[in-house]
Amino acid sequence: MASTRSSFLASLLFIGALLQAAAAIDHRVGGDFGWNLPPTPTFFSEWATNTTFSVGDTLRFNSSANQTHNYAMPESQPEFDGCVKPGLFFENVIFVTFDRPGRKYFICNVGNHCNLGMKFAVDVLPNPGMPPNSALKIGAFPTLFFIATAFLPNFLFLYTSQ
């Protein structure tokens with residue numbers, strides 16, 4: 001009985017550790033302020049500098065109802081610095097999920113919002129819960145979640161019925 005209980009608890013801890021390692025963070029751009037015209041030209045750059053971004057994390061671009069913004073992703077530092085508007089921008093998509101490490105640039109493509117400080121760059125790091133070249137991929141999280149939720153009730157039933 002005691003070894004069954006220990007095995008069950010060890011299994012739960014192992015599943016919890018796997019889920020924690022594979023979990024991604026959902027970042028709201030600008031924190032509570034959101035993706036709005038900033039109070040200072042460096043507001044979003046400072047926000048990004050004080051935030052860590054990893055593969056699998058998501059950025060959410062939420063604006064106030066009375067403001068209209070979009071975002072575009074310049075491909076280089078000079079385009080970012082000069083607020084060069086890329087041909088491709090996103091109006092209805094409010095989130096970005098990082099699929100690989102590297103430097104990413106974001107600007108608002110509306111009017112002169114970029115020049116007013118609606119821009120930031122992030123350095124996306126490899127997922128800290130995954131060793132390099134790991135066979136475990138970012139897409140494994142939904143699978144691990146499914147396994148945990150599908151089989152955990154059965155384990156609990158077996159455990160409590162003894």
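Remember, it's a predicted structure, so these values are computed and weren't measured experimentally.
Judged by distance alone, with hydrogens and angles left aside, the side-chain atoms of Trp35 form a donor-acceptor pair with the main-chain N or O of Asn70 at under 3.5 Å. Between the side chain of Asn109 and the backbone N or O of Lys85 there is no donor-acceptor pair closer than 3.5 Å. A donor-acceptor pair is defined here as one N or O able to donate and one able to accept, closer than 3.5 Å; such a pair exists between the side chain of Asn50 and the backbone of Glu46. Checking side-chain atoms of Asn115 against main-chain N and O of Asn112 turns up no donor-acceptor pair under 3.5 Å. Counting only distance, with no hydrogens or angles, the side chain of Gln67 and the backbone of Ser63 share no donor-acceptor pair below 3.5 Å.
Applying the ring-ring contact (aromatic ring centres under 6.0 Å, His included) test between Phe106 and each of Trp47, Phe61, Phe95, Phe44 identifies Phe61 as the sole match.
A donor-acceptor contact closer than 3.5 angstrom is absent between the side chains of Asn127 and Ser54.
With contacts defined as side-chain heavy-atom distances shorter than 4.5 Å, the pair Val96/Tyr71 qualifies. Using a 4.5 Å heavy-atom cutoff, the side chains of Leu37 and Met118 are in contact. Ile107 has its side chain within reach of Pro74: a pair of non-hydrogen atoms, C-beta onward, lies under 4.5 Å apart.
The distance from atom CG of Asp123 to atom OG1 of Thr51, rounded to the nearest 0.5 Å, is 12.0 Å. Taken to the nearest 0.5 Å, the OG atom of Ser64 stands 7.0 Å off from the NE2 atom of His69. In this structure, the separation between CZ on Arg103 and CZ on Phe80 is 7.0 Å, given to the nearest 0.5 Å. Rounded to the nearest 0.5 Å, atoms CG (Asn62) and CG (Asp32) are 11.0 Å apart.
The hydrophobic clustering, which links ILVMFWY residues whose side-chain heavy atoms are closer than 4.5 Å, places Met73 and Val55 together. Under the 4.5 Å side-chain heavy-atom criterion for grouping Ile, Leu, Val, Met, Phe, Trp and Tyr, Phe33 is connected to Leu59 within one hydrophobic cluster. Phe120 and Val110 fall into different hydrophobic clusters, where Ile, Leu, Val, Met, Phe, Trp and Tyr residues are linked whenever their side-chain heavy atoms come under 4.5 Å apart, directly or through other members.
Cation-pi geometry between Lys119 and Tyr105 is not met: the NZ or CZ atom fails to fall both under 6.0 Å from the ring centre and inside 45° of the normal.
Heavy-atom contacts from other residues, nucleotides or ligands closer than 6.0 Å to CD of Gln77 number more than 12. Within a 6.0 Å sphere centred on CG of Asn66, other residues, nucleotides and ligands contribute more than 12 heavy atoms.
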**Request:** Step by step, work out the disulfide (SG to SG under 2.5 Å) result for Cys108 and Cys114.
**Result:** CA-CA 5 Å; Cys108 182; Cys114 179; over 6 Å; no
**Request:** May I have the step-by-step check of side chain to side chain donor-acceptor pair (under 3.5 Å) for Asp26 and Thr58, ending in yes or no?
**Result:** CA-CA 5 Å; Asp26 187 23; Thr58 301; 4.7 Å; no
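Annotation for Ala121 and Ala48: closest pair O-CB, 3.5 Å, computed over non-hydrogen atoms. Of all heavy-atom pairs spanning Asp57 and Ile25, the tightest one is OD1-N, 2.9 Å.
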